[in-house]
Amino acid sequence: MIIQHNIAGINSNRNKGIAESRMKKNLEKLSSGYRINRAGDDAAGLAISELMRSQIRGLNQAMKNCDDGIGMTSTGDGALMEVHSMLERMKTLAIQSANSTYTTAARENLDFERQELLDEIDRIGESTDFDDIPLFDKVPTDDDGEPVINRTSPPFTPPEKTETEGMSDITLQIGHSKAETLDVPRYYMSSSALFLNRTDFSTQKGANDSVEWIDKAIEAVSDIRADFGAAQNHMEHTYKNLDVTSENMTAAESRIRDTTMADEFTQYTKENIFYQSSNSMAAQANATIESVLSLLQ
């Protein structure tokens, strides 16, 4: 027997401290729901998990961007739907005015309605926006007021990109990385851009010649609506892909970072038993040393 050092008690207390530390970590994981609460728990797992979290947040925001993009293209398509309706009305008026049964006064009334329709087309081109972002651009004109666009192609062409803010295509971020973007072109929209300023219903010949310009305008508006529709379908499919990717990434991140409660509770129970055993052994070690007092009686 020795009394200078209680080796058994020191050993028991050391093991009790180890068990207590492990038990506290088990409690932390059980209470937080995370297997990794600090880098020391799993350094590699933490690094992978944080990258996944960043990607998941980017995917979720990209989904919201797609929703906004779908709303934007729907707004543009809705405006052009009304332009189509007015063009169809203009063609009806042109064919009506081209008939010889109408007098000059009657044709002037038809031409007045044409001018009103052109004014509304100009207003739609100028005012249609999505959250103050203009969806259409004003056509550039020369000194004579004629539109400066390619006359060999359909008279409805996208504007050239410039450094001026708001004049280029509308770029939508539809993914979590830099390269995942979708450009929605901004088109010219006005009566002059559609060459409808060349129509005239005040004469029979003018009305007859106007039919060709109106048909070209209808075709041009159909082209831009097709572009809006294609972009909208693109974003709808992108949204579905982002949704399932986010779900799978979340599941993968959960497997790395989240606590498996059943396993962790089993581990906690084991550590708790070990802690109580160590505590009991520490008390026994102290009792053994105290037996020295019996020799002094």
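As the structure is a prediction and not an experimental result, all values here were calculated from the model. For the single chain, residues carry numbers from 1 onward in sequence order.
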Got a sec, which pairs hit salt bridge (Lys or Arg N to Asp or Glu O under 4.0 Å) with one end in [range], sequence neighbours left out?
range: residues 92-121; value: Arg89-Glu113, Asp111-Arg114, Glu120-Arg123
range: residues 44-62; value: Glu50-Arg257, Arg53-Glu253
range: residues 270-282; value: Arg22-Glu271

Kindly write out the residues that satisfy salt bridge (charged side-chain N to carboxylate O under 4.0 Å, His left out) with [X], not counting sequence neighbours, or none if the list is empty.
X: Asp42; result: Arg35
X: Lys91; result: Asp215
X: Asp243; result: none

Distance-only donor-acceptor hits, side chain of residues 79-86, under 3.5 Å, sequence neighbours excluded:
residue : atom : partner : partner atom : Å
His84   : ND1  : Arg225  : NH1          : 3.1
His84   : NE2  : Ile218  : O            : 3.1
His84   : NE2  : Ser222  : OG           : 3.1

Whichever hydrophobic residues join Ile273 through chains of side-chain contacts under 4.5 Å
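Its cluster mates, by chain and number: none.
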Under 4.5 Å between side-chain heavy atoms, chaining through other members, with only Ile, Leu, Val, Met, Phe, Trp and Tyr counted: pull out the rest of the cluster around Val244, sorted by chain and number.
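None, because no other hydrophobic side chain comes under 4.5 Å of this residue.
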Please answer whether the main-chain N or O of Gln173 pairs with a side-chain N or O of Asn65 as donor and acceptor at a distance below 3.5 Å.
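Side chain of Asn65 to backbone of Gln173, a donor-acceptor pair under 3.5 Å: yes, one is there.
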Using only atom types and a distance under 3.5 Å, with no angle test, would you say the side chain of Asp200 pairs donor to acceptor with the backbone of Ser202?
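Side chain of Asp200 to backbone of Ser202: a pair is present.
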Distance-only donor-acceptor hits, side chain of residues 230-241, under 3.5 Å, sequence neighbours excluded:
residue : atom : partner : partner atom : Å
Gln232  : OE1  : Ser74   : OG           : 3.4
Asn233  : ND2  : Gly229  : O            : 3.4
Thr238  : OG1  : His234  : O            : 2.8

Taking 4.0 angstrom as the limit, do Asp209 and Lys205 come out as a salt bridge?
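Between Lys205 and Asp209 there is a salt bridge, with a charged N closer than 4.0 Å to a carboxylate O.
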Check side chain to side chain donor-acceptor pair (under 3.5 Å) between Arg38 and all other residues, then give those that pass, not counting sequence neighbours.
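Glu28.
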With sequence neighbours excluded, tell me which residues meet side-chain contact (heavy atoms from CB on, under 4.5 Å) with Ser54.
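Scan of Ser54 (side-chain contact (heavy atoms from CB on, under 4.5 Å), adjacent residues dropped) gives none.
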